[in-house]
Protein chains: 2
Amino acid sequence: MLNEGILVNQIDPTSDRAVFRQIADQLRQAIESGRLREGEKLPSEAELIEHYSVARMTVRQAIQELRNEGLAVAEHGRGVFVRRRPPVKRLASDRFARRHRKDGKAAFLAESEAVGARSEVDMISVSEVRPSKEISDRLGTGSDQTVVSRSRRYLRDGHPVELATSYIPVDIARGTKIMEPNPGPGGIYARIEDQGHTLERFVEDVSTRLPTREEAKLLNLTSGTPVFRLIRTAYDLQGAAVEVCDTIMSGDAFLLSYELPAH
Amino acid sequence: MLNEGILVNQIDPTSDRAVFRQIADQLRQAIESGRLREGEKLPSEAELIEHYSVARMTVRQAIQELRNEGLAVAEHGRGVFVRRRPPVKRLASDRFARRHRKDGKAAFLAESEAVGARSEVDMISVSEVRPSKEISDRLGTGSDQTVVSRSRRYLRDGHPVELATSYIPVDIARGTKIMEPNPGPGGIYARIEDQGHTLERFVEDVSTRLPTREEAKLLNLTSGTPVFRLIRTAYDLQGAAVEVCDTIMSGDAFLLSYELPAH
DNA sequence: GAGTGGTCTAGACCACACT
DNA sequence: GTGTGGTCTAGACCACTCA
């Protein structure tokens, strides 16, 4: 099945703009205008070579450009397709409100239910580690002190969307279910409060970047998907940091919503 | 000047891993281990071709991979360099606090001063437009109503870092300095309060993605730099939306910090 | 087996930066 | 001018998908 109808213009070989960029421009235009919809197949390399009368490397460069921009994904043996966007999950600023813990729900589960998504957690591991300076600074622990580290991966409807590692001072975690893979109803925040550390506020530091190769693998990210890096610090009523959570979130799967006071 | 000392291993042509990926792996390792520092020059294509005994397209693919990951940038005629990271600016959650407006400062200026950066604003334009649904939904205006649109670009130490467009209902903006390029001391939030709309809170919706070509051009972004998209809605004491600001921020130049209550 | 994209070679000419 | 990366050609063989 040919799908060259989307290609209207010819190439101007005398133009300053490189031929492969002109080809990319036309394909991009087809995508952005909606002539090619999400999940639809782009013309094959052979079709583009024929249509534009150029070498294969030239059309491959054009396609590479679209892939780098996150507009297209290639599937070996099948073709190149307009990238599908996953449904976006909105994380509201009350997502760590105590009422969710009172319900016996951890934050991620509570959030997912709100949009009717099926959520799972896997790759849970608990250990004691010497945290990076970024973490120990926030926890206020000495640079040589160990802390309890809890790593896990979250999945939404079977797709991995988030990697998280929590760090908790040993004097809070030791001897509690925080040391176990399943920390019980309400998650670790409920356990921290059980220990007498009533939570008062969280600070979230949000940045964005492209994933490392490791992160891309674990989150199944196609090229052209950035991630959120979110470092959350939990403070108790005394103003002491009781947990730091370092999170990598698939950038196309989340919208973070925050409320700021004007006063 | 040769700089092949960083390349320790040879290529295994029988490996499952493509040759260009193995070359990329070695260069990546050199960068991540610090053997190649920020701003340092990678071996030239000619050196890599010689060192690994491969075709030029193979080393170019390796370098392309690093560029896509945001680890390296190519400069035509000069070489390929380890990407430099700009200093990160932390935006605290009190950045729209009234005290900053009382000082006669708009938010961006107040923030920049805090880190000793020189800040400028350019490309200011004011017009009346029919906003997108995304905007009109937040403003609560009808889909056919026009609103006042204020666009501008922010620069830090001479480098563009942020594009912003504010949308204000015409009944608030008309006849005020909001319609002028320079809205006066304290920025447009001060003018909105002058009109009797005391600000109570803001809601910021943060997402991340790769820039469009247009955004990359205006923000001077190298491939491999995502952007923050931040849509801020300002509410007055009556709970009415009085402004929506649609912002694109260079993802490597900002860290967004927010405070969440635990109750 | 036919069609698809993935990898790799061996050239060519060009544009830009430096000295 | 020399060295650098940018573009482009014309092939080759391979791996994957689907009928």
Side-chain angles (χ1 to χ4, degrees), chain A residues 1-4 10-27 36 39-68 71-83 213 222-224, chain B residues 1-4 10-27 36 39-68 71-83 213 222-224:
Chain A
M1 193 270 299
L2 255 81
N3 190 7
E4 296 181 39
Q10 288 301 311
I11 293 303
D12 173 10
T14 70
S15 163
D16 271 2
R17 193 153 180 82
V19 173
F20 83 86
R21 288 190 201 283
Q22 294 182 54
I23 297 174
D25 289 344
Q26 293 201 25
L27 292 169
L36 272 175
E40 278 195 294
K41 189 175 168 304
L42 273 61
S44 73
E45 292 180 358
E47 285 166 359
L48 292 170
I49 290 165
E50 164 72 16
H51 183 87
Y52 291 114
S53 304
V54 293
R56 185 172 174 214
M57 282 309 299
T58 305
V59 311
R60 277 185 67 78
Q61 268 190 285
I63 291 168
Q64 187 60 47
E65 187 159 278
L66 299 178
R67 294 173 60 185
N68 291 343
L71 294 176
V73 292
E75 295 184 33
H76 195 173
R78 303 218 317 127
V80 179
F81 301 84
V82 180
R83 180 174 159 212
R213 299 180 55 76
T222 61
S223 144
Chain B
M1 194 270 298
L2 255 80
N3 190 8
E4 296 181 39
Q10 287 303 311
I11 294 302
D12 173 9
T14 70
S15 162
D16 271 0
R17 193 154 181 80
V19 173
F20 83 87
R21 289 191 200 282
Q22 294 183 54
I23 297 174
D25 288 345
Q26 293 202 24
L27 293 169
L36 273 174
E40 277 195 295
K41 189 174 170 302
L42 273 61
S44 72
E45 292 181 357
E47 286 165 359
L48 292 170
I49 290 165
E50 163 74 14
H51 182 87
Y52 291 113
S53 306
V54 293
R56 185 170 174 216
M57 282 309 299
T58 305
V59 310
R60 279 185 65 78
Q61 268 190 285
I63 291 169
Q64 185 62 46
E65 187 159 279
L66 299 178
R67 294 174 60 185
N68 291 343
L71 294 176
V73 291
E75 295 184 32
H76 195 172
R78 303 219 316 127
V80 179
F81 302 85
V82 180
R83 180 173 160 212
R213 300 178 56 75
T222 60
S223 143

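Proteins come first, then strands; the chains are lettered A, B, ... in the order of their sequence lines, and each starts at number 1. Remember, predicted model here, so these are calculated numbers, not experimental data.
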Participant: Of the nucleotides C/dT4, C/dG6, C/dC8, which has the atom closest to the A/E47 side chain?
Facilitator: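 The nucleotide sitting nearest to the side chain is C/dT4.
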Participant: For A/E65 and D/dG6, give me the distance from atom CD to atom P, rounded to whole Å.
Facilitator: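 That distance rounds to 13 Å.
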Participant: Looking at B/V73, B/V82, B/L42, B/I23, which hits side chain to side chain contact (heavy atoms under 4.5 Å, CB included) with B/L66?
Facilitator: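 Of the listed residues B/V73, B/V82, B/L42, B/I23, the side chain to side chain contact (heavy atoms under 4.5 Å, CB included) partner of B/L66 is B/L42.
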Participant: Please report the shortest heavy-atom distance between B/V80 and B/A72, naming the atom on each side.
Facilitator: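 Heavy atoms only, the tightest pair is CG1-CB, 3.9 Å.
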Participant: Between C/dT7, C/dT4, D/dA10, spot the one nearest the side chain of A/K41, thanks.
Facilitator: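 Looking only at heavy atoms from C-beta outward on A/K41, the closest nucleotide is C/dT4.
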Participant: CD1 of A/I11 versus C1' of D/dT7: gap in Å, rounded?
Facilitator: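 It is 14 Å, rounded to the nearest whole Å.
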Participant: Between B/I63 and A/A55, which has a closest nucleotide on DNA chain D that is more 5'?
Facilitator: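 Per heavy-atom nearest nucleotide, the more 5' residue is B/I63.
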Participant: Kindly say if B/R60 contacts the phosphate of D/dG6, meaning a side-chain N or O under 4.0 Å from OP1 or OP2.
Facilitator: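 Yes, B/R60 has a side-chain N/O under 4.0 Å of OP1/OP2 on D/dG6.
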Participant: State, to 0.1 Å, how close B/R83 and B/T222 come at their nearest heavy-atom pair, and which atoms those are.
Facilitator: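 Shortest heavy-atom contact: NE-OG1, 4.1 Å.
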Participant: Quickly work out the B/E45 CD to D/dT7 C1' distance and round it to whole Å.
Facilitator: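 The answer, rounded to whole Å, is 11 Å.
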Participant: What integer distance in Å separates B/R56:CZ from C/dT9:C1'?
Facilitator: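 Taking atom C1' of C/dT9 as the reference, CZ of B/R56 is at 13 Å.
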Participant: Between C/dT4 atom P and A/F81 atom CZ, what is the distance in whole Å?
Facilitator: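 So the CZ-P distance, A/F81 to C/dT4, works out to 11 Å.
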Participant: So does B/T58 get a side-chain nitrogen or oxygen closer than 4.0 Å to the phosphate oxygens (OP1/OP2) of C/dT9?
Facilitator: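 So the side-chain polar atoms of B/T58 do come within 4.0 Å of the phosphate oxygens OP1 or OP2 of C/dT9, strictly under.
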Participant: Is the shortest distance from a Lys or Arg side-chain nitrogen in A/K41 or A/E75 to a carboxylate oxygen in the other one below 4.0 Å?
Facilitator: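 Not counted as a salt bridge, because no side-chain N and carboxylate O are separated by less than 4.0 Å.
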Participant: Report yes if at least one side-chain N or O of B/S44 is closer than 4.0 Å to OP1 or OP2 of D/dG3; otherwise report no.
Facilitator: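 No, B/S44 has no side-chain N/O under 4.0 Å of OP1/OP2 on D/dG3.
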Participant: What is the distance, to the nearest angstrom, from the CE atom on A/M57 to the P atom on C/dA10?
Facilitator: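 That distance rounds to 15 Å.
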Participant: Using the side-chain heavy atoms of B/F20, tell me which of these nucleotides is nearest: C/dT9, D/dG5, C/dC8.
Facilitator: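 Side chain of B/F20 sits closest to C/dC8.
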Participant: So what's C/dT4 paired with, Watson-Crick or G-U wobble, going by both distances under 3.5 Å?
Facilitator: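 D/dA15 - that is the nucleotide pairing with C/dT4, both distances being under 3.5 Å.
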Participant: Rounded to the Å, how far apart are B/R17 CZ and D/dC14 C1'?
Facilitator: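 To the nearest whole Å, that distance equals 18 Å.
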Participant: With the stacking rule set at 5.5 Å and 30°, tell me whether B/H76 counts as stacking on D/dG6.
Facilitator: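 It does not: the ring fails the test against the base of D/dG6.
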Participant: Is B/R17 paired with B/D25 through a side-chain N to carboxylate O contact shorter than 4.0 Å?
Facilitator: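 Result for this pair is yes, salt bridge flagged.
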Participant: Check whether any side-chain nitrogen or oxygen of A/R21 sits under 4.0 Å from OP1 or OP2 of D/dT7, and answer yes or no.
Facilitator: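 Checking D/dT7 against A/R21, a side-chain N or O does come within under 4.0 Å of OP1 or OP2.
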Participant: Does a side-chain N or O of B/R78 approach OP1 or OP2 of C/dA15 to a distance below 4.0 Å, or not?
Facilitator: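 No, because none of the side-chain N or O atoms of B/R78 sits under 4.0 Å from OP1 or OP2 of C/dA15.
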Participant: Using whole Å, report how far CD1 of B/I49 lies from C1' of C/dC8.
Facilitator: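 Checked: the CD1 to C1' distance equals 13 Å.
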Participant: Want to settle it: does A/Q61 or A/E75 sit nearer the 5' end of DNA chain D, counting the closest nucleotide to each?
Facilitator: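 With A/Q61 and A/E75 compared, the 5'-side residue is A/Q61.
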